[in-house]
Amino acid sequence: MKKRLLTGFVSISMVFMMSTMMAFANDTVEGNMTSTEFLEEGNENSEITLDGDVTLSDSLKIDAKDYVIDLNGHTLTFTTDTNLVTNNTNVIFKNGTINLDGIKGNADTILGVGHYGSSANLTLDGVKLQANNYTSPYALIYVYNDSVLNVENNSVLTAKNEKSLSGGVIKSSNGQAGKINITDSTLNFENAARGFVDGTINIKNSTVNMKGLSNGINSSTGGLNLTVDNSKLTITGSIGRALTLDGTTVSFKNNSVIDFSNSLVSDIMFKSQGKIEVDKSSELNFKKVKLDEAVKGTELNDLIISENYEYQLDDKGNVTITQKPGDVEQPGDTEQPGDTEQPGDTEQPGDTEQPGDIEQPGDVEQPGDTEQPGDTEQPGDTEQPGDVENPSDTNNGGITTTPGTENDTTTTDKLPVTGVEKLAYLFVGIVTITVGGLVWFTSESRKLRRK
């Protein structure tokens, strides 16, 4: 009987262990595989956790189903173009590396958020995405329709040496409808066709560097809405322009630093009416501006609106920058008459240093004031006999005599009981109770013996 029970227990244990191992095996993955095999590794919550580096042999297409792909410190390598998340799916890659190096694309994009006729959300959370020596006729990452791309949480996106020279790194297919959010991350683009083309682009608490591109940030008519918030944007060495505006709005705010330099055509180009807004805390550095025929004759101050500076443009596109009067150190500001240091203010007669004030007779140093008899140092006050330092105070036989402190009467109080006295009282009480208990116990014992 015991052997049967033992055998049954062992069998149940083995079944439990095998099922547990299968469950764990189902949501971890590594090695070379197809995209179908990769997606089949998702658990019941559509979560896939890498247990090692993974290389996909074909395009990854995630359609109408949400996934969380935890790279778990490993690398997911793509080998072909047209990797897509589509039909309102929400896909998150986190905690690892995505490798797009060397892909030779022939279609629109290498990594698409949405597709023709559909939109989706893609988030890179703490991901290092790298694409070196790649070819993409249109874009490395294409945001279709009203799709959303989020790059966040210390992600790093690096794109270098694009071979097609006609595409770009991140593009939106439908103007401002596509959303591109860069938060707490770093982007480095080098030797590519374009950095951004169109979209509603929000760069917050991040660093974006573009070097040696054909054009840095481009816009179709009304296609761009760019906000740089507490970030650094540097575009240098562009073959064409660093920033192109075509009826669009750009905002630099909250201590942002913008550097456009060494562009062959111009650092900033206005194809039509547009606007660059620079708040008081931010810095915009550039040297050359080009205005197309549609905006020639427009004052540069109407196109670039800065709280700190005014801009003038000469016939060759060179810019003269001057600080606005009435700014940080100008008259009418913090040091102007009528302000903090002016008569009638902090140093004016009748104020802090004027007769009748803190240094005037009758005030803090005058007889009858803080040092006068009857005041702070007068008998009956803080340092006078009858107070804290006088005999007949704390050392006078347990009696306190304080002339004039309350209602100008003499009061008597007992000294407070000290800690030693409290212990003494407690000890006496304990001894009394103990002795009483012993007496009672002895008495009862005698009565019992007599009986």
Asks: Donor-acceptor check, side chain of Asn215 to backbone of Arg241, threshold 3.5 angstrom: yes or no?
Replies: yes
Asks: Tell me whether Thr123 contacts the main-chain N or O of Ile92 through its side chain, where contact means a donor paired with an acceptor under 3.5 Å.
Replies: no
Asks: Could you tell me if Thr82 and Ser59 have a donor-acceptor pair between their side chains, going purely by distance under 3.5 Å?
Replies: no
Asks: Can a donor-acceptor pair be found between the side chains of Asp267 and Ser263 at a distance below 3.5 Å?
Replies: yes
Asks: Test the Lys163-Tyr134 pair against the cation-pi criterion, namely NZ or CZ under 6.0 angstrom from the six-membered ring centroid and within 45° of the ring axis.
Replies: no
Asks: Hey, are Asp279 and Ser281 close enough side-chain-wise for a donor-acceptor pair under 3.5 Å?
Replies: yes
Asks: Would you say Asn43's side chain and Asn45's backbone share a donor-acceptor pair under 3.5 angstrom?
Replies: yes
Asks: Would a distance-only check, ignoring hydrogens and angles, find a side-chain to backbone donor-acceptor pair under 3.5 Å from Thr200 to Lys179?
Replies: no
Asks: Is the closest side-chain donor-acceptor distance between Asp63 and Thr86 under 3.5 Å?
Replies: yes
Asks: Is a donor from one side chain sitting under 3.5 angstrom from an acceptor on the other, for Ser46 and Asp66?
Replies: no
Asks: With a 4.5 Å cut-off on side-chain heavy atoms, are Lys61 and Asn83 touching?
Replies: no
Asks: Does a side-chain heavy-atom distance below 4.5 Å link Val319 with Leu300?
Replies: yes
Asks: Using a distance-only test with no angle check, is there a side-chain donor-acceptor pair under 3.5 angstrom linking Asn132 and Asn161?
Replies: no
Asks: Look at the aromatic rings of Tyr311 and Phe286 and report parallel, tilted or perpendicular, splitting at 30° and 60°.
Replies: tilted
Asks: Would you check if there is a donor-acceptor pair between the side chains of Asp246 and Thr221 at a distance under 3.5 Å?
Replies: yes
Asks: Between Asn72 and Asn95, is any pair of side-chain heavy atoms under 4.5 Å apart?
Replies: no
Asks: Using modelled atom types only, decide if a donor and an acceptor are shared between the side chain of Ser155 and the backbone of Glu152 within a distance under 3.5 Å.
Replies: yes
Asks: Just by distance, do the side chain of Lys171 and the backbone of Tyr138 share a donor-acceptor pair under 3.5 Å?
Replies: yes
Asks: Does the Ser206 side chain pair with the main chain of Ile203, one donor and one acceptor, at a distance under 3.5 Å?
Replies: no
Asks: Quick one: does any side-chain atom of Ser231 pair with a main-chain N or O of Val228 as donor and acceptor, under 3.5 Å?
Replies: no
Asks: Checking Asn181 against Asn150: is there a side-chain donor and acceptor pair closer than 3.5 Å?
Replies: yes
Asks: Are the side chain of Thr36 and the backbone of Thr34 linked by a donor-acceptor contact shorter than 3.5 Å?
Replies: no
Asks: Without hydrogens or angle criteria, can the side chains of Asn209 and Asn188 be said to hold a donor-acceptor pair below 3.5 Å?
Replies: yes
Asks: Can Asn285 and Asp259 be counted as having a side-chain donor-acceptor contact under 3.5 angstrom?
Replies: yes
Asks: Would you tell me whether Asp101 and Gln130 have side-chain atoms, one donor and one acceptor, within less than 3.5 Å of each other?
Replies: yes
Asks: Establish, from distance only, whether the side-chain atoms of Asn121 and Asn90 form a donor-acceptor pair under 3.5 Å.
Replies: no
Asks: So if I apply the side chain to side chain contact (heavy atoms under 4.5 Å, CB included) rule between Val113 and each of Ser172, Ser147, Ser173, which one comes out positive?
Replies: Ser147
Asks: Between the side chains of Thr244 and Asn218, is a donor N or O closer than 3.5 angstrom to an acceptor N or O?
Replies: yes
Asks: Kindly indicate whether the side chain of Asp53, heavy atoms from C-beta on, has any atom under 4.5 Å from the side chain of Glu30.
Replies: no
Asks: Test side-chain contact (heavy atoms from CB on, under 4.5 Å) on Phe38 and Val29 and set out the steps.
Replies: CA-CA 7 Å; Phe38 179 74; Val29 62; 4.1 Å; yes
Asks: Just wondering, are more than 12 heavy atoms of other shown residues or ligands nearer than 6.0 Å to CG in Asn106?
Replies: no
